Amino acid sequence: MSSDCLFCRIAAGDIPATIRYQDDLVVVFEDINPQAPTHLLLVPRRHIPTTLDLTPEDNALVGHIFQVAAKVADNLGFAQDGFRIVNNCNQAGGQTVWHLHFHLLGQRQLSWPPG
Ligand code: 5GP
Ligand code: ZN
């Protein structure tokens, strides 16, 4: 837990968010500035700044996060229609919060390539 990290504080319950799922490893909550009818953020409880900081010990964690994303998409009823999982890494990737997170976007037709 990093007390100056927004997503650590949301995961700890210090800052409110609309939480859709949580377990020992991950917290899923609604993005404050949604880019699709469903726009959730999947955040590991542990403070990991970026994708570049992942180690082999995190392999199961990342796999778990993807399985949670799929389960949440299924529960919300858009898994079969399709959805997108996005991770932005560092400045050129569009990262603005330095706590690893995955965007889950669904319930609209998404275009490609992304901006
Ligand atoms: P990034 O740009 O780092 O990939 O994504 C950060 C995301 O966090 C953005 O989509 C932004 O809208 C979201 N965000 C920023 N501040 C807050 C907040 O205080 N609460 C919630 N729920 N989302 C936030
Ligand atoms: Zn953090």
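Quantities reported herein were computed from a predicted structural model and do not represent experimental measurements. In listed order, ligands and their atoms are each counted from 1.
Formation of a donor-acceptor pair under 3.5 Å by the Gln95 side chain with backbone atoms of Asn90 is found in this model. With hydrogens and angles disregarded, a donor-acceptor distance shorter than 3.5 Å links the side chain of Arg45 to the backbone of Ala11. Side-chain atoms of His101 come within 3.5 Å of backbone N or O of His99 as a donor-acceptor pair.
His47 contributes atom ND1 as its closest N/O/S atom to the Zn ion (ligand 2). His99 contributes atom ND1 as its closest N/O/S atom to the Zn ion (ligand 2).
The shortest N or O to N or O distance between His39 and ligand 1 is not under 3.5 Å. Of the N or O atoms in Ile10, none lie within a sub-3.5 Å distance of an N or O in ligand 1.
Around CD of Glu30, the count of heavy atoms belonging to other residues, nucleotides or ligands within 6.0 Å exceeds 12.
Residues Leu104 and Phe83 meet the side-chain proximity criterion, which asks for heavy atoms closer than 4.5 Å. Residues Val68 and Leu42 are in side-chain contact: their nearest non-hydrogen atoms beyond the backbone lie under 4.5 Å apart. Inter-residue side-chain proximity for Leu100 and Asp53 is flagged as unmet; no heavy-atom pair is nearer than 4.5 Å.
The protein heavy atom nearest to atom 22 (N) of ligand 1 is Glu30 O, 2.9 Å. Atom 8 (O) of ligand 1 has Phe7 CZ, 3.5 Å as its closest protein atom, hydrogens excluded (heavy atom only). Here the heavy atom of the protein found nearest to atom 1 (P) of ligand 1 is His101 NE2, 3.1 Å. Among all protein heavy atoms, the one lying closest to atom 16 (N) of ligand 1 is Leu6 CD2, 3.4 Å. At the top of the distance list for atom 7 (C) of ligand 1, counting protein heavy atoms only, stands Asp31 OD2, 3.5 Å.
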* Mind running side chain to side chain donor-acceptor pair (under 3.5 Å) on His103 and Asn87 for me, showing each step along the way? => CA-CA 6 Å; His103 300 253; Asn87 168 245; over 6 Å; no

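Using a 4.0 Å cut-off between charged nitrogen and carboxylate oxygen, Asp4 and Arg9 do not count as a salt-bridge pair.
Looking at Thr50, Thr96, Ile32, it is Ile32 that brings a heavy atom closest to atom 20 (N) of ligand 1.
Those atoms of ligand 1 with a heavy atom of Phe29 less than 4.0 angstrom away are 22 (N). Every atom of ligand 1 is numbered from 1 in the order shown, and the set under 4.0 Å from a heavy atom of Asn33 is 12 (O). Residue Gln95 approaches ligand 1 through these ligand atoms, each under 4.0 Å from one of its heavy atoms: 3 (O).
The shortest heavy-atom distance from His103 to ligand 1 is under 4.0 Å.
Under the 6.0 Å cut-off for aromatic ring centres, Phe66 and Phe102 qualify, their centroids lying closer than that.
The residue Thr18 has no part lying near ligand 1, judged by heavy-atom distances below 4.0 Å.
Geometry at the Zn ion (ligand 2): SG/Cys5 and SG/Cys8 form an angle of 120°, nearest 10 degrees.
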